[in-house]
Amino acid sequence: MAVLGPHPAACGKTTCGEVGASSLLAKLAVAAWLDAFFVYLFIALRPIGQFFELLRIGYSGTAVAPTVALAPVASVGAPDAKIAAASLRGAAMGADEGAEEGEAAEDEDDEEEEGEEVPTRPACSASRATPNAMRPVRPPPPTFVQSVTASMGDVAAQVRAISLEAFEEDAMQTRRGERVAAMLRSNGQVVAYASYAVRPQSASLNINKLAVAWVHRRKGLGRGLIRFLIQLAKQPAQKAAGQRKSGGGGSRGSTLEVVCLSSLPTAVMFYAACGFREDRNVGFGSQDASELIEGQVYMEYSLRKRQRK
């Protein structure tokens with residue numbers, strides 16, 4: 001008599017078909033979970049991507065836009081994209097500015113619908129200006145008048161005003177043989193003057209007074225006027241003195257040897273920087289004593305080697 005045991009399925013064993021169905025369900029569950037996870041990750045990270053896109057579009061260079069919650073933007077056409085971009089910029093820069101840009105975008109859409117060409121407005125900011133635009137514009141070089149006369153109305157009046165301010169005397173009241181040179185800006189404004197005399201007998205150009213307008217000091221204008229007088233002294237003496245050459249011998253004219261002046265002690269450093277040197281051999285009673293003022297320092301700028309007798 002045979003003893004029949006339980007069926008193999010009753011002992012907890014599964015067939016091959018049941019194993020394959022369970023593994024397939026597990027794979028589908030994992031795939032569904034991964035899909036849900038990536039969808040959630042995409043939804044969660046999309047506002048962050050839109051935030052950086054907002055910074056790229058609406059960043060003006062003056063401040064960083066604050067964090068704002070952005071709603072997903074649907075696919076829009078070209079006209080609506082401008083309005084959407086303006087709205088995004090308004091969310092970062094303030095409701096008022098956004099409203100103005102939104103209205104501007106709507107106006108542009110209306111013009112485009114009418115068939116008019118709308119010029120694009122390039123984004124610009126002060127911080128993105130080119131280095132050349134930030135450089136100060138240099139003023140044009142000054143001009144010089146070798147001899148100012150009373151007939152030069154406005155120029156003479158300005159020289160008079162500077163001399164009264166600096167020395168409390170009228171520079172246009174010149175002595176015999178004395179001339180007044182002036183430095184002018186491009187607009188005709190006198191910024192400095194110097195009174196001088198050319199003395200061919202001593203082969204020298206003597207600077208008597210030099211002054212720069214108070215508001216234009218410490219700009220190198222005095223040094224520029226000194227250079228002009230030195231170049232003037234390098235010309236033939238008759239031309240430097242503004243005289244016409246007379247007929248006969250000596251048509252070439254004598255040549256000057258020095259530019260001299262009597263400096264205040266406080267201005268010695270300035271004239272030394274211009275190339276003048278103090279001459280300690282000159283004193284009262286010497287042949288150059290007429291150019292020496294008591295309490296001041298006699299200085300010379302040598303144009304060539306000068307031989308003293």
In Å, rounded to the nearest 0.5 Å, how long is the span from [atom1] of [X] to [atom2] of [Y]?
| X | Y | atom1 | atom2 | value |
| --- | --- | --- | --- | --- |
| N206 | E300 | CG | CD | 9.5 Å |
| T143 | M183 | OG1 | CE | 9.0 Å |
| H216 | Q189 | NE2 | CD | 4.0 Å |
| L232 | Y196 | CG | OH | 5.0 Å |
| M299 | C260 | CE | SG | 12.0 Å |
| I230 | L205 | CD1 | CG | 9.5 Å |

Are [X] and [Y] in one and the same hydrophobic cluster, where Ile, Leu, Val, Met, Phe, Trp and Tyr link if side-chain heavy atoms are under 4.5 Å apart?
| X | Y | answer |
| --- | --- | --- |
| F270 | F228 | yes |
| L221 | M269 | no |
| V30 | L41 | yes |
| L229 | L184 | no |
| V268 | L261 | yes |

> Step by step, would you call R179 with T174 a side chain to side chain contact (heavy atoms under 4.5 Å, CB included)?
Replying inline: CA-CA 7 Å; R179 295 179 178 274; T174 57; over 6 Å; no

So, do [X] and [Y] sit near enough that their side-chain heavy atoms are less than 4.5 Å apart?
| X | Y | answer |
| --- | --- | --- |
| V159 | M152 | no |
| M172 | V148 | yes |
| K219 | V191 | no |

> Checking R223 side chain against C274 main chain: does a donor-acceptor pair fall under 3.5 Å?
Replying inline: no

> Would a distance-only check, ignoring hydrogens and angles, find a side-chain to backbone donor-acceptor pair under 3.5 Å from S195 to V180?
Replying inline: no

> Do the rings of F167 and Y193 sit parallel, tilted or perpendicular, given the 30° and 60° boundaries?
Replying inline: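 Judged by the thresholds at 30° and 60°, the geometry between F167 and Y193 is perpendicular.
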
> Got a sec: does the CD of Q201 have more than 12 other heavy atoms crowding it under 6.0 Å?
Replying inline: yes

Testing the basics here: between [X] and [Y], what is the closest heavy-atom pair and its distance to 0.1 Å?
| X | Y | result |
| --- | --- | --- |
| P200 | L256 | CA-CD2, 4.4 Å |
| A203 | T255 | CB-O, 4.1 Å |
| A211 | A166 | CB-CB, 3.7 Å |

>> Let's go through D154 and V190 carefully: what are the C-alpha distance in whole Å and the side-chain angles of both, what is the deciding distance for side chain to side chain contact (heavy atoms under 4.5 Å, CB included) to 0.1 Å, and is it a yes or a no?
In response: CA-CA 9 Å; D154 185 50; V190 179; over 6 Å; no

>> Please determine whether side chain to side chain contact (heavy atoms under 4.5 Å, CB included) holds for the pair I226 and Y271, giving the CA-CA distance in whole Å, both sets of side-chain angles, and the decisive distance to 0.1 Å.
In response: CA-CA 9 Å; I226 288 289; Y271 290 112; 3.9 Å; yes

> side-chain contact (heavy atoms from CB on, under 4.5 Å) with Q231: which of K234, R227, Q235?
Replying inline: K234

